[in-house]
Structures are given as C-alpha cells and as structure tokens.
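Report on the structure given below.
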Amino acid sequence: MLSRLLKEHQAKQNERKELQERRRRDAIAAATCLTEALVDHLNVGVAQAYVNQRKLDHEVKTLQVQAGQFAKQTSQWISMVENFNQALKEIGDVENWARSIEMDMRTIATALEYVHKGTAQPATS
C-alpha cells in the first residue's frame with residue numbers, strides 16, 4: 001500500500017513536472033513570438049523613418065542646389081539692373097550734354113543772326 005501510494009505520488013509529481021515543463025516551453029514560445037512581433041513592428045517603423053530620412057536628405061540636397069542656382073541668377077539680375085541703371089545715367093548725361101550743346105548752338109546762332117543783321121542793316125541804309 002505505501003509503495004503504491006509512493007508510486008502514485010511520484011507519478012503525479014512526474015505528470016505535474018511534465019505539465020509545468022510543457023507550460024514553461026509554451027510560455028517561452030509565446031514570449032519569443034511576442035518579442036519577434038514587437039521587433040518586427042518596431043523594425044517597420046524604423047525602416048519607414050530611414051526611408052523618410054533618405055528622402056529628406058535628397059530633398060535638402062536638391063534645395064541647396066536650387067538655392068545656389070537662384071542666388072547665382074539673382075546676382076546676375078542685380079548686375080544687369082546695375083548696368084541698366086548706369087546706361088540710363090549715361091543717357092541722361094548725353095542728354096544733358098546735348099541740351100548744353102543745343103543751348104550753345106542757339107546762342108551762337110543768335111549771335112550770328114545778330115551780327116548778320118547788324119552788318120546787313122548799314123548796307124541797306
């Protein structure tokens with residue numbers, strides 16, 4: 001009887017150990033699956049962040065190139081406007097010079113007319 005009780009007790013203990021070991025393996029397997037799922041989920045986010053970062057880097061480089069080109073073009077425009085302003089100033093200077101010459105020519109023409117009339121009047125009297 002004690003021997004049978006001992007065997008039953010040992011059998012039940014073995015069953016419990018096997019059940020506990022099976023549960024432990026199941027828990028480890030479930031924890032592994034959970035860990036892999038979490039890592040996969042995080043990796044998707046990290047991969048998306050990496051892709052987005054690469055796109056941003058590309059856009060930054062493109063923007064830098066375009067900004068450089070725009071600065072160069074703006075500099076050319078400023079130079080053209082300055083040259084145009086200088087040409088306008090020169091035209092203004094030429095216009096003033098032409099007016100001055102015209103005034104001088106009128107003065108000379110008036111003086112010549114006066115001289116011509118002055119010399120022509122005594123001959124008619």
Side-chain angles (χ1 to χ4, degrees):
M1 175 149 171
L2 281 178
S3 153
R4 188 177 51 103
L5 283 174
L6 180 64
K7 285 182 183 182
E8 285 177 8
H9 175 70
Q10 287 176 346
K12 283 183 182 179
Q13 255 188 338
N14 284 338
E15 284 177 23
R16 284 186 195 138
K17 283 183 183 179
E18 288 175 12
L19 179 64
Q20 188 176 12
E21 182 63 28
R22 198 172 341 128
R23 288 181 180 167
R24 188 182 69 80
R25 283 191 303 251
D26 290 346
I28 289 173
T32 301
C33 287
L34 175 65
T35 303
E36 288 175 357
L38 289 174
V39 168
D40 288 343
H41 179 69
L42 289 175
N43 282 342
V44 167
V46 169
Q48 186 62 44
Y50 178 74
V51 167
N52 290 344
Q53 182 63 41
R54 290 195 59 198
K55 286 179 183 177
L56 285 173
D57 289 343
H58 177 70
E59 290 295 323
V60 166
K61 287 178 185 176
T62 302
L63 184 60
Q64 285 175 338
V65 168
Q66 289 175 347
Q69 290 172 345
F70 181 70
K72 184 178 178 182
Q73 187 176 23
T74 303
S75 176
Q76 290 173 345
W77 288 346
I78 289 171
S79 176
M80 288 173 53
V81 168
E82 287 174 352
N83 290 340
F84 182 69
N85 282 340
Q86 184 62 33
L88 286 177
K89 286 178 186 177
E90 289 173 5
I91 288 173
D93 290 344
V94 168
E95 186 177 348
N96 286 336
W97 174 79
R99 280 191 206 134
S100 175
I101 294 294
E102 184 180 7
M103 292 292 282
D104 289 347
M105 295 299 285
R106 285 185 187 186
T107 303
I108 292 171
T110 303
L112 286 174
E113 282 179 24
Y114 180 74
V115 168
H116 180 64
K117 285 181 184 178
T119 57
Q121 285 177 359
T124 57
S125 27

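Heads up: numbering here begins at 1 and tracks the sequence. For clarity, every value in this text was computed on a predicted model and none was experimentally measured.
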When rounded to the nearest 0.5 Å, the distance separating CG of D26 from SG of C33 is 10.5 Å

Whether T62 side chain and H58 backbone form a donor-acceptor pair below 3.5 Å
yes

Is there a side chain to side chain contact (heavy atoms under 4.5 Å, CB included) between V44 and D40 once you walk through the steps?
CA-CA 6 Å; V44 167; D40 288 343; 5.6 Å; no

How long is the span from the CD1 atom in I91 to the CG atom in N96, to the nearest 0.5 Å?
12.0 Å

Is the shortest side-chain N to carboxylate O distance from E8 to R4 below 4.0 Å?
yes

Do E18 and N14 pair up side chain to side chain, a donor and an acceptor below 3.5 Å, judged on atom types alone?
no

E113 side chain reached by H116 side chain, heavy atoms, under 4.5 Å:
no

Exam field: side chain T32 to backbone I28, donor-acceptor pair closer than 3.5 Å
yes

If you apply the rule side chain to side chain contact (heavy atoms under 4.5 Å, CB included), what do you find for L19 with E15, and how did you get there?
CA-CA 6 Å; L19 179 64; E15 284 177 23; over 6 Å; no

Counting N and O atoms only, with roles assigned by atom type, does the side chain of S75 sit under 3.5 Å from a partner on the main chain of A71, one being a donor and the other an acceptor?
no

Salt-bridge present (R24, E21; N to O < 4.0 Å)
yes

Distance check, rounded to the nearest 0.5 Å: L56 atom CG versus L63 atom CG?
11.5 Å

Pair E59 + K55: basic N to acidic O under 4.0 Å
no

Looking at CZ of R106 and CG of D104, how far apart are the two atoms once the value is rounded to the nearest 0.5 Å?
11.5 Å

Return the NE2 to CG distance between H9 and L2, rounded to the nearest 0.5 Å.
12.5 Å

Can you confirm whether more than 12 heavy atoms, excluding those of Q20, are under 6.0 Å from its CD atom?
no

Rounded to the nearest 0.5 angstrom, the CZ-CD distance for R16 and Q13 is 7.0 Å

According to a 4.5 Å side-chain heavy-atom criterion applied to Ile, Leu, Val, Met, Phe, Trp and Tyr, with indirect links allowed, do L42 and V51 form part of one hydrophobic cluster?
no

